[in-house]
Each structure stands twice: as structure tokens, then as C-alpha cells.
Protein chains: 2
Amino acid sequence: MSGERTGRHEYADEIGLYFEGYGLPRIPGRILGWLLVCEPPHQTAEELAEELDISRGSVSMAMKMLSANKAVVRHAVPGSRRTHWRLRPGFWLDEAAEKARQAREWIKQTERGLELLADAPPESRRRLEEANEMYTFLAEQYGRIETLWHEQRKQ
Amino acid sequence: MSGERTGRHEYADEIGLYFEGYGLPRIPGRILGWLLVCEPPHQTAEELAEELDISRGSVSMAMKMLSANKAVVRHAVPGSRRTHWRLRPGFWLDEAAEKARQAREWIKQTERGLELLADAPPESRRRLEEANEMYTFLAEQYGRIETLWHEQRKQ
DNA sequence: CAAAAATTTCAATTATTATTGAAATATTTG
DNA sequence: CAAATATTTCAATAATAATTGAAATTTTTG
């Protein structure tokens, strides 16, 4: 890190800490934060390593994770054949789809639980039935969100 | 763990692994899973320690975490003065409110970013504006979900 | 196509977090 | 209120995960 540390570097660090608070590794968070405020909005792996003072290896690993999550995409820069990275527009909305997916996982889990308790008294089955109903509702609602966004956009 | 291991114990373990997959500690997950399928649906700390083969200390810590998250509540059992624990009905719906809260955190973060980029070209500000708009929309939508559930219930 | 540059992999290290279990504290009961 | 029982705390340990950096691989460029 030869360049000076600016408020934008601090911003990146804070997003890193935010990530950590949710049990996610800090470096991908710092990179995400940096890509929100850096100029230009696209950066090479080398620039990221330099600005955030982390190893090339860490950048590589973090980019793998962030692109698996569709948070970043490669970005072609005329006149350069290096890999540049930038945030993928629309990424933030994906979290609703991800929540829908998680809710569907819970629907399956609660169904499995109900099979396990097939012969149990209704009193015992109720907690699983309740969870199952709620996740069915939640999956439906989370699923609607993305569609709704696009509909609102069209107008 | 003196009693035999049943499918319900396996179920608890799987919920534990599910927790771990999201970076959460395994033991609270195993307890949550057990409380979904155990009989009766309420258990003492001792029973939990016994059935899941974990220390009393771990149970204590896990209960602190699970009650901080409102996943479990103390449950009075006539004829016993021990602390019994059970799942809190309605807990699962809370995740929508939690997502709304997280979206509001991101609204603040993106606003801070926009202050940082006050003098930057529109091109540079766009990614933050986009994220800000999306989280504003998401916060609104996640916020609606709980209300909607209660409305549907009334009918 | 060979040299240079960029990128990825992965074993070793460092750092972090979960879990235990014994001691301390709090609660219950005769 | 004292003994018995239950619960919590917390330092030590065990387990896990993040990060580095050097070597291997891939890609670019003259």
C-alpha cells in the first residue's frame, strides 16, 4: 500500500467489518466496499491488492467467492487485457431470491421433521406445522419481490 | 448421552450443520433442531445436554444466544421449578423483520458512500445510487411481509 | 513461440471462534 | 436457612477458518 489512506479506504474496511459481523470473511467485504467507492469503478486484482494491502492470493480467493455469489463481474477495459473487476449491477436485489431459496430449504426440513413425527400427538406436530406454514408464506413473498421490482421499473 | 440415538437426534445434527453452513455455531443449531422434534416439545438444560451430548456450559451459552434472537422462550411446567425451554411460536416470521433491518443498514451505508463521492462524476456515483434505490425498495418489501401475514391470518 | 506478466493454487501459518469443564453463583426445597 | 440442586461464567483447550506467499500455471505480448 504505497498510496495514502483515504476515507474511501476506511469505507472499504467498514464494509469488511460488517461482513465479519455476519460470519463472512473480511477480505471479500473490504473488496466489495472498495468497489462501491473506488475510482474508476473497475479495478484490477493488482490494484485491489495494493489499495487494500492484501496478498494477490487473497484477492484471487475473494474474487472467486464474490463472483460465485454474482456480486462482481469481469469488466473489459479498452486498451488493457488485464482482468478488471466491477460490481454487477442489480446484485443487491438477488438477496431476495436467495432468501426465497433458503425458505424453500426450510420447507423441506420441516417436512422431513413432520415425517419423523408422523405418529406423534398433534400437540407435538404443531411447532413443525407452524414453521412449515410460515416458510411457505415467506418463500412466496420473497419470490414476489424481484418480479415486483421489474414491474415497477417498467412504468 | 445414555439414551439411544434416534432419527430425531440425526435431525438435530443436520440442523446444526445447516447453521454451520451459514457461519453460525453448530450447537445452537443442534438445539433448535432438537426443539423442533423432541418430545415433549419443551426440555430442560440438563435434558438438552444429555440428549445432544454436550456440556452444560454449552447449553447455557446456546440458550443465551437463542433467546437473544427470540428463537426460544422459557416454559413453565407445572410441578417442576426447573427452567424448561421451547421454541417461541412465530419465531420464523421474524427473519423478514430482520431482513428489513439489514436493508435499512445498507441504506445508511450507501448514503455514507454517496457523501464520500459527493464530488465524483455521475458515472462513479451510479453504483451507489443503484444500491441505495434497491435497498430502499427491499426494506419496504421486507417490512410489509409481517403485516401481510397477520392480515391473511385474520380472515 | 519464447519471454514476460498476470493469475491461481495450496501448504504453512496466523488468527479466530467454539466448546469444555471446573469453579462460582444462584435458586430451590425440606 | 442450610443443604441440595441447577445454572452461569470464564479460562483453557480444541477445532476451524482466514490469510499469506512462494511455486505452478495460464495468459499476454513482442
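Protein chains get the first letters and strands the later ones, always in sequence-line order, with residue 1 at the start of each. Computation of the quantities below employed the complete heavy-atom set of this structure, encompassing side-chain atoms and omitting hydrogens, waters and symmetry-equivalent molecules.
Residue B/Arg82 places at least one side-chain N or O under 4.0 Å from the OP1 or OP2 atom of D/dA6. A sub-4.0 Å separation between OP1 or OP2 of C/dT7 and a side-chain N or O of A/Lys64 is absent. At least one side-chain nitrogen or oxygen of B/Thr83 sits closer than 4.0 Å to the OP1 or OP2 atom of D/dT7.
The nucleotide whose nearest atom lies closest to any side-chain atom of B/Ser55 is, among C/dG21, D/dG21, D/dA6, C/dG21. You'll find that the side chain of B/Arg56 is closest to D/dT8, out of D/dT8, C/dT20, D/dT19. For B/Pro28, the listed nucleotide lying nearest its side chain is C/dT19; candidates were C/dT19, D/dA6, C/dT8. With C/dT8, D/dT19, C/dT19 as the choices, the nucleotide that has an atom nearest any side-chain atom of A/Ser60 turns out to be C/dT8.
Looking at B/Trp34 and B/Gln43, their side chains do bring a donor and an acceptor atom within 3.5 Å of each other. Checked by atom type, the side-chain pair A/Gln109/A/Glu105 shows no donor-acceptor distance below 3.5 Å.
The nearest heavy atom of DNA chain D to B/Ala45 and to A/Ser58 marks one nucleotide each, and the one closer to the 5' end goes with B/Ala45.
For the pair B/Arg74 CZ and C/dT28 P, the interatomic distance rounds to 11 Å; values are reported in whole Å. The interatomic distance linking A/Leu24 (CG) with D/dT19 (P) rounds to 11 Å, in whole Å. The nearest whole Å value for the distance from the OH atom in B/Tyr22 to the P atom in D/dA17 is 15 Å. Rounded to an integer number of Å, the gap from B/Arg30 CZ to C/dT20 P is 8 Å. Rounding to whole angstrom units, CE of residue A/Met63 and C1' of C/dT9 are separated by 17 Å. If you take CG of B/Leu52 and C1' of C/dA18, they are 16 Å apart, rounded to a whole angstrom. Put simply, CZ on B/Arg26 is 7 Å from P on C/dT19, counting in whole angstrom units. The nearest whole Å value for the distance from the CD1 atom in B/Ile31 to the C1' atom in C/dT19 is 12 Å.
Ionic pairing of B/Glu95 and B/Lys99 is not present here: no N-O contact between side-chain nitrogen and carboxylate oxygen is shorter than 4.0 angstrom.
Shortest non-hydrogen contact noted between B/Asn132 and B/Ile107 is ND2-O, 3.5 Å.
The only member of A/Val73, A/Val77, A/Val72 that meets side-chain contact (heavy atoms from CB on, under 4.5 Å) when paired with A/His42 is A/Val77.
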